[in-house]
Protein chains: 2
Amino acid sequence: MVLSKTCDYGLRAALYLAANDDREFIPIKEISEKLNISFHFLTKILQILTQEDILTSFKGPKGGVKLAMPAKTISLRKVIEAIDGEGLFTRCVIGLDTCSPEHPCPLHSEWEPLRDRISRLFEKNTLFEMAVKLRSNQFRVTDVPFGIQPTKHTK
Amino acid sequence: MVLSKTCDYGLRAALYLAANDDREFIPIKEISEKLNISFHFLTKILQILTQEDILTSFKGPKGGVKLAMPAKTISLRKVIEAIDGEGLFTRCVIGLDTCSPEHPCPLHSEWEPLRDRISRLFEKNTLFEMAVKLRSNQFRVTDVPFGIQPTKHTK
DNA sequence: TTATATTCAGACAAAAGACTCTTAATTGAG
DNA sequence: CTCAATTAAGAGTCTTTTGTCTGAATATAA
């Protein structure tokens with residue numbers, strides 16, 4: 001797959017936070033329930049984003065996480081690189097370490113421009129743009145429509 | 001990453017076979033040494049491609065594997081799907097099962113066309129085209145240039 | 001001060017992916 | 001027929017990814 005599951009979850013959570021950027025610190029519990037992701041697992045993922053200074057956190061009651069910067073300044077690529085690394089945007093399709101314009105693999109000339117487009121897609125789209133779409137309520141960050149709660153909660 | 005390591009290796013081996021399509025059955029041992037991939041591991045991968053009728057194999061002396069069809073009729077996508085499945089060409093970027101034009105994720109409209117391009121890239125390029133490039137000797141399927149043997153062999 | 005809500009840190013477990021090894025089966029050549 | 005070359009099959013191991021759990025630290029509010 002293009003992104004790891006961990007990265008999927010991290011992105012979805014970031015999207016949720018961006019859509020709720022007007023609010024104060026948001027508990028991870030709330031995010032995990034709304035997006036139907038294991039609370040403990042999500043906690044771990046969001047810790048990474050906190051360490052990378054994409055989120056800030058606050059302990060105790062009224063605590064939670066929120067974006068560390070204006071949503072406009074956080075590209076999706078920033079989130080992806082924090083979790084999965086930059087491999088998607090830099091590496092050879094068939095995994096050759098030394099693939100380069102001088103020593104190309106047979107797909108190099110066709111893959112490179114496509115990889116650059118992927119790169120630009122995640123670069124130019126910021127959490128802000130995504131949040132605008134989400135608030136219009138015609139888009140999803142979860143498999144169940146918003147409002148309908150998942151039946152199984154973390155106990 | 002875009003493709004699994006298993007798929008990388010499988011593709012590289014298929015490319016090697018295509019570039020040597022004039023010869024008869026080629027021992028997996030030869031491929032594993034030329035491409036510097038573990039013999040046993042590669043055996044397993046090529047078994048998959050044999051089961052999927054992309055390769056045919058032949059036991060005993062003078063045995064080995066070769067393409068089961070003309071290289072022109074084997075798209076890279078066929079090889080990729082045999083190993084990694086079709087997820088790369090069908091799934092949502094952020095992994096939503098229900099993402100669709102009716103219930104899109106915020107990236108759907110931008111990702112879908114890009115995904116289709118990736119799809120077409122691997123669809124239109126066949127092992128034949130890759131083999132032509134490889135035979136011109138300006139392209140690589142391995143990190144070390146052809147001719148220079150890797151120092152460490154499988155014992 | 002005590003109870004409660006929350007993140008943080010890290011150990012642990014389970015599943016998947018990547019890779020190794022052994023043994024069996026098949027075949028061609030002498 | 002026998003032997004060596006070679007793939008086939010599958011058990012087994014190591015590593016990474018995914019996910020769970022517990023306890024500590026921190027903050028708030030009563």
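Chain A is the first sequence line, chain B the second, and so forth, proteins listed ahead of strands; every chain is numbered from 1. Only a predicted model underlies this, so the values are computations on that prediction, with no experimental measurement involved.
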* How about A/Phe128: does its CZ atom have over 12 heavy atoms from other parts shown lying under 6.0 Å from it? -> no
* Determine which pairs satisfy side-chain hydrogen bond (donor to acceptor under 3.5 Å, both in side chains) with at least one residue from residues 70-87 of chain B, sequence neighbours left out, and list them in order. => B/Ser4-B/Asp84, B/Arg77-B/Glu81, B/Arg77-B/Ser119
Please write out each protein N/O paired with an N/O of nucleotides 7-16 of chain C under 3.5 Å, distance rounded to 0.1 Å.
unit_1	atom_1	unit_2	atom_2	d
C/dT7	OP1	A/Ile28	N	2.5
C/dT7	O3'	A/Ser57	OG	3.1
C/dC8	OP1	A/Ser57	OG	2.3
C/dA11	N6	A/Lys44	NZ	2.8

Which side-chain N or O atoms in residues 102-110 of chain A pair as donor and acceptor under 3.5 Å with protein atoms at least two apart or in another chain?
unit_1	atom_1	unit_2	atom_2	d
A/Glu102	OE1	A/Ser100	OG	3.3
A/His103	ND1	B/Arg140	NH2	3.2
A/Glu110	OE1	B/Lys124	NZ	2.8
A/Glu110	OE2	B/Asn125	ND2	2.9

* Spacing of B/Leu42 atom CG relative to C/dC19 atom P, expressed in whole Å -> 11 Å
* Asked: Okay, side chain of B/Arg12, backbone of A/Ile94: is any donor-acceptor separation there less than 3.5 Å?
  -> yes
* Listed in order of residue number, which residues of residues 86-97 of chain A have a non-hydrogen atom at under 4.0 Å from DNA chain D? -> none
* To do: In whole angstrom, give the distance that lies between atom CD1 of B/Ile37 and atom C1' of C/dT20.
  => 15 Å
* Asked: Just wondering, do B/Tyr16 and B/Thr142 contact through their side chains at under 4.5 Å, heavy atoms?
  -> no
Donor-acceptor list for residues 47-68 of chain A side chains, cut-off 3.5 Å, not counting sequence neighbours:
unit_1	atom_1	unit_2	atom_2	d
A/Thr50	OG1	A/Leu46	O	2.8

* Atom CZ of B/Phe41 and atom C1' of C/dT22: how far apart are they, to the nearest Å? -> 18 Å
* Indicate whether the side chain of B/Asp143 and that of A/Thr98 have a donor and an acceptor atom separated by less than 3.5 Å. => yes
* **Listed partners of B/Tyr9 passing ring-ring contact (aromatic ring centres under 6.0 Å, His included), at least two apart** => B/Phe41
* To do: Send over the distance from A/Leu3 CG to D/dT18 P, rounded to a whole Å.
  => 11 Å
* Rounding to a whole Å, what distance do you find between A/Lys62:NZ and C/dA5:C1'? -> 11 Å
